[in-house]
Every structure is written in C-alpha cells, then in structure tokens.
Amino acid sequence: MSLIKALNEDTISQISAGEVVERPSHLIKELVENSLDAGATEIEIDFDQGGRFVRVKDNGTGIAPNQMSLALARHTTSKIQKIDDIWKLNTYGFRGEALASIASVSDLTLISGQKGEDSYKLRQVFGKEEESVSIGESKGTKVIIRSLFENTPARFKFLKSEGTENSSIKTTLKALALSQEKISFRVLQKSKLLYYWPAQKNLLQRTAQVLGKKDLYFTEETKGAYKIQAVIAPPHHTLKNRKSSWFFVSDRWIESRVLQAGLMSAYRGLLMHGEYPLAVIKITGPNDEIDVNVHPTKSQVRFKDSSFIFKLVESPIRRLLETAPWTKKIISASSLKKEENLNFSNYEFKKTNWPNKKQEYSTKTLSQLAWDKESKNLEPKEESFKSIDYKIKSEQDQKISWAHLQILAQAHLTYIVCQSDHSLIFIDQHASHERIIYERMFQSWKKGNVEVQNQLVPFVLDLEEGQTSALLELNDDLKKLGVQLESLSPYSLTINSYPPIIKEKALQEGLLFLAKRRLETGDRFSFERVVSDLCATLACHSAIRAGKSLNLEQMRELLKQMDEYPLSSFCPHGRPVFVEYPISRLEKDFGRIV
C-alpha cells in the first residue's frame, strides 16, 4: 500500500470544483443564488461559448473591500457560524465552496461595492490572486468568468457540445426564475437579449411568463407547518419526458422521486403511458425536517416524512384536476337554436348517422347498454348497476354541461359530432362510455355499495399455478367490487356473482390481470391502485364499441352521463375523449379569414 499523503491546495480546490461545478449551468446556478442571498431584486446573466464565458450582475448589498479576498477563499461563508446552523438554513449557499472552486478552474473577476462606497475589482487567474483595485462608486456585484476549465483538460474534454451546454444553461435559468417570481431576470447570450422576465406577483403569472403557456391552473394548501403551491397544465398538454415537471423545496430547484410520484399519482387515469404533465410545484416547510445537505450541488433533498410529502403533493393537485377546469370554455352552454338535423338516405352517407327525432327510437338510458362485441342487436340490454351521485362542486352544474352541446350526427359509427357557439366537437363514444363505467365501478367499490347479481350457474375461471391462491387472498377486497370467488381446484375458481354491468369476458380478463399483478408485486403495492387498474380494464371491455350505431336519444344520454363525472374528458387510460375544432380554424381553412 502506498504512503498516505496530504493533498496540496490546488488539487483539493479542483476536486471541490468538480463536485460543485460539474458543468457551466451549475456554475451559473451558484452565482445567481449568491446574488439572491445578497438581496438582489434585479439580476442580469450573459453567457457565451457554452458557458465558458459567464457574466452575472446584480443590485444586491455588495461585498466590503476588506472581505473580497476572503470571499474567494475556501470554506468561508457568512451563512453559518456553527454546525447547528446547517439545519436552520434560509439561504441558498452555506458551504463557502462555490466562488473558491470556480476561481480555481477559471479566470475570475469579482467587482463589488456597497451603497455609498467605492467598488473594487479583484481578479484570480486559476486560483492565483492579483491585487484588488478601486474602480469608482457603484452598488451590487458583478462576477465575470472566462476560460472555464482551461487549466483542467481532463474536465474540459467532458463538456458537451456548445449547443447542449447552452440548452442546459437556459433550463437552469428558467428554474431560477420560477423559484423567485418577485425577482427580475435579464438573460443575454453573446450580449444579445435572450429572455426578459420582469418580477411577477405570483407563481401562476411567473409560470405563464417563463414557460410561455396560457392554459394553466393554480392551487395551494397548507398542512401543519408545510405549504404547497402548484401550477399545472391540463392533461392534454403533456411531454414525453419528466423535464416538464419542475420541483422546488424552500425555493431550491431539486429532483425528487417522492414529489414526482405524488404528481403522477394525482394525474392517475389522465395520462397515457409515457406521458408526463407540465407542472411547477413549490413546497416550504420546517428547515429541521428537510435535509438540503445531501448533494454538493444541492439538487436533492431528504424529507423526514416522505409519505406525508407524497400526500401533500397528490391531494390538492388531484382535487384541482377533478374539477376539470379545462372543459369550461369548451362545453359552455350554447345559445344555438336546437333545430332538427337533416336526414340523408343516399348510400354515400351510410357511415354517418344523422339523427332525426321523427324516427322511432327506444328511450332506455345509455347506462343500460351492455352490447356484446359480436352482437348486431342495437336494442340495449337491462342493467341494474347503481348510479353514483358524484356531482361537480362548481359553476358547471348550472352553466357548463356536455349535454348543452348541440348533437349534429354520429360519424363513422364511432364519433358523436357536436357543436358549441365557437367549435365543432367530436366525442369518442367508446372512450366516454369507458370513463362512465370506470367511475361507477371504482366509486362504488370505495363506498362499498356495489349491487351484485348472483349467477344461477357460476362460470369457471381457469388459472395457472399460484394465480388461484393469489386471487383468494384478495377475496374480501373483491367482494367490495361485487365479485365473489370460490375455490374449485388449485387451478380454477368459480365466479358466483359480479356486477351486471361487467361482461363475463371482461371479468375474466380483469381477474387474470389482477392475479398476475399480485404475483409480480406481492404485498408491496396499493390495492386501491390495482383496483383502479382493474376497473379501467373492465370498463374498456364493457363499454360501447366503435362501430355501434347510436340514435339521438342514446347520444344525448351519453352526454348527460358525462356530466356526472368531471374527468369525463379522458378515458381511464388517459386517452382523450373529445377533439375540438374551433370555428375560426374552419373559417381560416375556407379563406373567410386570414
């Protein structure tokens, strides 16, 4: 074994720089956070060469001349005095490593002055300090970085392309602006204005400003000593990666599996696989219950009670989503006169069903429809599944309703064509009915009031090894869903009862899904989440199929039942139920407007 030796200061500084300044965007983050800690209300950032040149200027309190050299020394800080202060932090920086680390791998110039005093300039070239000089009166601090990593070729070669580093810098600056809505930011690239984000009154305004989005919704909640603020986009505005979800704890931009899981759980049943919501979430809480000293770049935190934090995120966002605010402007009450539609008998129109009130139609409600996939009979079967009273607690009860839309036709035996005052709206009959069935089953399971239909001749479910016992272990929970099982053999079960809304084939597939999920995850999953997935599977196989003709009354009944459930604009698997085409788009396509 080699002899143990103490590292020299240059090596120590460069190791520290590698931890704190992994790439140029981290450098900018550290400098901007120093400006925020100095009480700055206006911050200007200029960058070039993928961040190898950076200038950060602020109007903060500045640094006294006799402390400038100390500011560039290692482990010097005004943020803490003793170890206990680490657990009571109300500032971004506290280790005293950032400026010293940056100075060791760059040509750094520090210019700073306090109100009414002369400013001084101090330069360090790769850690070698020059004498400070007075440059006249000004308030605030300016840090200029040149030739980043020029003295560390090994680290320099690991920088990404200039375009990639620039993109990372822009993302970091957006995060910093989102974290501090009351601060003005000017961002320049190669001395040309890239972004200007003046101070805003609240998080909603700042999010719209920085992310350039219009359809955004805000919620906040206080639980004990914790507070959450959240701005979210509707479920149909998604991305294919997690980069659209921004998390802040004590105004620090962080990555967190707990917060991500809480957000995704809030959007359950509203996103397709591989989709992620656009959201900005800010949490504040007791400093002694949030550990920010987990990572050198302070990009991660540790919570004392992760389960509490999960619910803190999930609950208010889910409640907001369940009001479906994005539907208000789409399905607002139409003032159009409800006239009868034309009836075309031409063979060319056979794929479009044009409803006519003079035809003889059954008036049975759509909730009684339970067609078999192979059946050609359009007469609905009887169905006694109990409807759940799940009203929307908002103005939608009086002013906003899917049922207010004027039904024009059924296109391709799949889509209900409607219109409002300002749009044509196409509703997927299968997806909408799927959501209705799902909500009724899931809400009934939660309330324990599912109506059960006993089978005179129970049907047999054949299973593989282990699946029978896996389902029997869940028998009590399945009874709440109206499904009663009984063991017939190690490889089969009998189904003695189930809700009449569920088709036999759908129930078989749903139980097989549940058995496989049980064997895969054991006891480490939430049964409620699995029941939700099971209900979604059952609803998919039990809902009206594409290709089924609906008469006018059946289409009206479907829209009425959509009004019972606020999330009826998405099927349980996250697929959109409707597509909107504004009249303005038609007028533009026809050349009526430019």
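By convention here, the first residue in the shown sequence is residue 1. The figures here come from the full heavy-atom set of this structure, side chains too, leaving out hydrogens, waters and symmetry mates.
For the salt bridge (Lys or Arg N to Asp or Glu O under 4.0 Å) test, no residue two or more places apart in sequence or in another chain qualifies with Lys213. For Tyr498, the side chain to side chain donor-acceptor pair (under 3.5 Å) criterion is met by no residue, not counting sequence neighbours. Here Ser244 pairs with nothing under the side chain to side chain donor-acceptor pair (under 3.5 Å) rule; sequence neighbours left out. Here Lys282 pairs with Glu181, Asp251 under the salt bridge (Lys or Arg N to Asp or Glu O under 4.0 Å) rule; sequence neighbours left out. In terms of the side chain to side chain donor-acceptor pair (under 3.5 Å) criterion, residue partners of Ser492 (sequence neighbours excluded) are, by chain and number, Ser489. Among residues two or more places apart in sequence or in another chain, the side-chain contact (heavy atoms from CB on, under 4.5 Å) test is passed with Arg242 by Gln260, Tyr276. Applying the side chain to side chain donor-acceptor pair (under 3.5 Å) test to Ser256 and every residue at least two apart in sequence or in another chain returns nothing. Qualifying side-chain contact (heavy atoms from CB on, under 4.5 Å) partners for Ala177, counting only residues two or more places apart in sequence or in other chains: Phe185, Trp197, Arg206, Val210. With sequence neighbours excluded, the residues that form a salt bridge (Lys or Arg N to Asp or Glu O under 4.0 Å) with Asp215 are Lys329.
Atom CD in Gln429 sits 7.5 Å away from atom CG in Leu413 (nearest 0.5 Å). Within the model, atoms CG of Leu312 and OG1 of Thr222 stand 9.0 Å from one another, a figure rounded to the nearest 0.5 Å.
Residues Leu408 and Leu424 are in side-chain contact: their nearest non-hydrogen atoms beyond the backbone lie under 4.5 Å apart. Side-chain atoms of Val313 and Val258, non-hydrogen and from C-beta on, never get closer than 4.5 Å to each other.
Judged purely by atom type and a 3.5 angstrom limit, Ser432 uses its side chain to pair as donor or acceptor with the backbone of Asp428.
A side-chain hydrogen bond (donor to acceptor under 3.5 Å, both in side chains) with Tyr565 is found for exactly one of Arg440, Glu322, Arg435, Gln443, namely Arg440.
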Kindly indicate, with the supporting measurements, whether the criterion side-chain contact (heavy atoms from CB on, under 4.5 Å) is fulfilled by Ser568 and Val577. CA-CA 7 Å; Ser568 56; Val577 163; 6.0 Å; no
Would Leu463 and Leu471 count as a side-chain contact (heavy atoms from CB on, under 4.5 Å) if you check the C-alpha gap in whole Å, the side-chain angles of each, and the deciding distance to 0.1 Å? CA-CA 10 Å; Leu463 300 162; Leu471 287 177; 4.1 Å; yes
Step by step, would you call Ile416 with Leu405 a side-chain contact (heavy atoms from CB on, under 4.5 Å)? CA-CA 11 Å; Ile416 300 173; Leu405 297 175; over 6 Å; no
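Every pair passing side chain to side chain donor-acceptor pair (under 3.5 Å) that includes a residue from residues 305-315 is listed here, sequence neighbours excluded: Ser265-Glu314, Arg268-Glu314. Counting only residues at least two apart or in different chains, ring-ring contact (aromatic ring centres under 6.0 Å, His included) contacts with residues 464-484 are absent. Applying the side chain to side chain donor-acceptor pair (under 3.5 Å) definition to pairs two or more places apart or across chains, those involving residues 578-594 are Ser423-Glu580.
Around the NZ atom of Lys201, the shell of radius 6.0 Å holds no more than 12 heavy atoms that belong to other residues, nucleotides or ligands. Atom OH of Tyr415 sits in a sparse spot, with 12 or fewer heavy atoms from other residues, nucleotides or ligands closer than 6.0 Å. Within 6.0 Å of CD on Glu464 lie no more than 12 heavy atoms contributed by other residues, nucleotides or ligands.
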